[in-house]
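Below, all heavy atoms of this structure are taken into account, side chains as well, without hydrogens, waters or symmetry copies. Sequential numbering from 1 along the given sequence is applied to the chain's residues.
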Amino acid sequence: MAAKQAPAAMAGLVVFAGVLLVVTGLVNVFEGFIALFDDERLVITPDNLVVVDTTAWGWVLLISGVLLLAVGCGLLAAQTWARIAAIVVVGLHAVLQVLALGAYPVWSLLMIALATVVLYALTAGWSTARDRIEGAPDVGWNGHEGNGHEGTARPASSAEQQRVPPMG
């Protein structure tokens with residue numbers, strides 16, 4: 001029974017990673033638009049008053065948000081290119097969180113832990129998770145695709161006619 005739950009658990013982790021990247025991408029896009037439209041900020045320090053233009057930061061957030069959205073949607077569609085891109089993006093994110101550890105220790109540790117879970121999901125059992133997310137790719141309408149008899153037609157039995165076609 002545990003052997004049957006492992007592919008489902010890995011598929012669940014990959015879907016979690018995809019949804020997490022989509023949500024993070026949406027938040028980044030939203031923050032990027034805010035930084036672009038309201039791009040003047042005042043920063044008060046003990047010694048002086050500084051006016052900061054956040055246009056460049058807004059573009060960085062907007063571009064990274066669109067990238068995260070694309071990668072997350074690709075993961076939800078079980079695309080291998082998205083897995084590779086997500087591993088790179090999440091790895092870079094974890095490294096950048098190490099740089100912010102002194103300023104935001106709790107948040108940075110939380111983000112590093114979350115990145116570790118996502119990296120595990122994308123590297124540990126991708127092939128079984130991909131097959132589980134996509135559905136069984138070698139099983140077709142009548143259950144006989146992929147067995148070398150693609151060119152031979154035969155009438156479907158009543159059990160095969162009741163089978164629901166795969167989604168996607």
Over all heavy atoms of both residues, which pair between [X] and [Y] is shortest? Give the atoms and the distance, please.
X: L68; Y: N28; result: CD1-ND2, 3.5 Å
X: V71; Y: A85; result: CG2-CB, 3.8 Å
X: G58; Y: A35; result: CA-CB, 3.5 Å
X: A82; Y: L75; result: CB-N, 3.5 Å
X: R83; Y: L122; result: NE-O, 2.5 Å
X: A86; Y: L21; result: CB-CD1, 3.8 Å

I need the [X] [atom1] to [Y] [atom2] distance, nearest 0.5 Å.
X: E31; Y: T24; atom1: CD; atom2: OG1; value: 10.0 Å
X: L119; Y: I112; atom1: CG; atom2: CD1; value: 11.5 Å
X: L26; Y: L69; atom1: CG; atom2: CG; value: 4.5 Å

Check whether [X] and [Y] end up in the same hydrophobic cluster, where Ile, Leu, Val, Met, Phe, Trp and Tyr are linked by side-chain heavy atoms less than 4.5 Å apart.
X: V95; Y: M111; answer: no
X: V66; Y: L36; answer: yes
X: F30; Y: L61; answer: no
X: V22; Y: L92; answer: no

Residue pair L62 / V29, side-chain heavy-atom distance below 4.5 Å: yes
CA sep, side-chain torsions, deciding dist, call: I87, I84, side chain to side chain contact (heavy atoms under 4.5 Å, CB included): CA-CA 5 Å; I87 289 170; I84 295 166; 5.6 Å; no
Option among V117, V15, L114 that satisfies the side chain to side chain contact (heavy atoms under 4.5 Å, CB included) test with L20: L114
Audit row: Y104, L110, side chain to side chain contact (heavy atoms under 4.5 Å, CB included) steps and yes/no: CA-CA 10 Å; Y104 304 105; L110 178 66; over 6 Å; no
Flag if over 12 foreign heavy atoms under 6.0 Å of CH2, W59: no
